[in-house]
Protein chains: 2
Amino acid sequence: MYDKELYEYKAQIVKAMAHPSRLMIIDALANNEVCVCKLQELVGGNISTVSRHLSVLKNAGIVSCRKEGLQVYYSLRVPCILNFFGCVDAVICEDAKRKQSASTVLSVK
Amino acid sequence: MYDKELYEYKAQIVKAMAHPSRLMIIDALANNEVCVCKLQELVGGNISTVSRHLSVLKNAGIVSCRKEGLQVYYSLRVPCILNFFGCVDAVICEDAKRKQSASTVLSVK
DNA sequence: TTACTAATTTGCATTATAGGCAAATAGTTT
DNA sequence: AAACTATTTGCCTATAATGCAAATTAGTAA
């Protein structure tokens, strides 16, 4: 396949987003840069785990960071990622129309 | 966290896309339904593997299928998924501006 | 220098995922 | 019914992702 390599590359990026904590982080970075310490408060759990998630996102090219004093601030490098979230919601809504499982969590009419 | 459950739900959907063969399948379904046999030709490999990828996409609510005679035809249930692909390309392009690794595969100027 | 704080990296154990093969299912044809 | 085709499912092994804890790096302040 000619573009098999390209699909592998794309899959790497999608995979980088494919974790609840990392989606939460991306959402948190929607409007402004946030330091690791705040992100830890947000997603909870061990700081080493949060740091690992951030490095996954960074390696995929989704976020970038800058250091200011002791803190490291992360920001979204490609904001269009956020548009996608609406579509994921659409998948959930479509599903909710049939099953009931998702409707409670999204409060779909 | 309030909507931790929601993020887990979303991650499931994103995870379902996070594989080169499955991205390839989604792309193939962009404009029309395609039978499993054609999809196997496309992604290659064992048919049982392809079938498994399809069931991952189906469980996530991304595709649906209908049977016609001996064949099963799959189609995209939520086409907005495709919009997202442009954004993944944007991530790759952003990256290509710095590194050189991706530029060859995407032929970015 | 030492002590302190923020973040990252590394090692390890646990769990999840991928892919192949063979067997099972469902629909078709004879 | 039996033979045939398309697809799915169960079982297995190999590989990758996860989360925690301990060790490490980097910046700050005494």
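Numbered from 1 within each chain, the chains take letters A, B, ... in sequence-line order.
Residue K38(A) is classed as having no contact, given no heavy-atom separation below 4.0 Å to the nucleic acid.
Distances were taken from every side-chain heavy atom of L70(A) (C-beta onward) to each of dT7(D), dA17(D), dT28(D); the shortest belongs to dT28(D). Listed candidates were dA22(D), dT17(C), dA22(C). Nearest to the side chain of S48(A) is dA22(D). Comparing atom distances between the R52(B) side chain and each of dG10(D), dT7(D), dT18(D) picks out dG10(D) as nearest. Of the candidates dT5(D), dG20(C), dG19(C), the closest approach to any side-chain atom of H19(B) belongs to dG19(C).
In this structure, R22(A) contributes its side chain and L57(A) its backbone to no donor-acceptor pair below 3.5 Å. Formation of a donor-acceptor pair under 3.5 Å by the R66(A) side chain with backbone atoms of Y73(A) is not found in this model. Looking at R77(B), its side chain does come within 3.5 Å of a backbone N or O of G61(B) through a donor-acceptor pair.
Distance, E41(A) CD to dA7(C) C1': 15 Å, rounded to whole Å. Going from atom CD1 of I47(B) over to atom P of dC21(C) covers 14 Å, rounded to whole Å. For E8(A) and dG19(C), the CD to P distance is 10 Å, given to the nearest whole Å. Across the protein-nucleic acid pair, Q12(A) atom CD and dT15(D) atom P stand 18 Å apart, rounded to whole Å. We find that CG of N59(B) is positioned 12 Å from P of dT17(C), with the value rounded to whole Å. Regarding L39(B), its CG atom lies at a distance of 9 Å from the P atom of dT7(D), rounded to whole Å. Taking atom CG of residue N46(A) and atom C1' of nucleotide dA22(D), one finds them 10 Å apart after rounding to whole Å. Whole-Å rounding puts the R66(B) CZ to dT7(D) C1' distance at 15 Å.
Annotation: cation-pi geometry not satisfied between K4(B) and Y7(B) (NZ/CZ under 6.0 angstrom from ring centroid, within 45° of ring axis).
The nearest heavy atom of DNA chain D to R22(A) and to Y74(B) marks one nucleotide each, and the one closer to the 5' end goes with Y74(B). Both E68(A) and G45(A) sit near DNA chain D, but only G45(A) has its closest nucleotide nearer the 5' end.
You won't find any donor-acceptor pair under 3.5 Å spanning the side chain of T49(A) and the base of dC20(D), going by distance alone.
Residue K58(A) places no side-chain N or O under 4.0 Å from the OP1 or OP2 atom of dT8(C). Considering only side-chain N and O atoms, H53(B) lies nowhere under 4.0 angstrom from the phosphate OP1 or OP2 of dT17(C).
Judged as a side-chain contact (heavy atoms from CB on, under 4.5 Å), and not counting sequence neighbours, the contacts of L82(A) are I26(A), D27(A), A30(A), L76(A).
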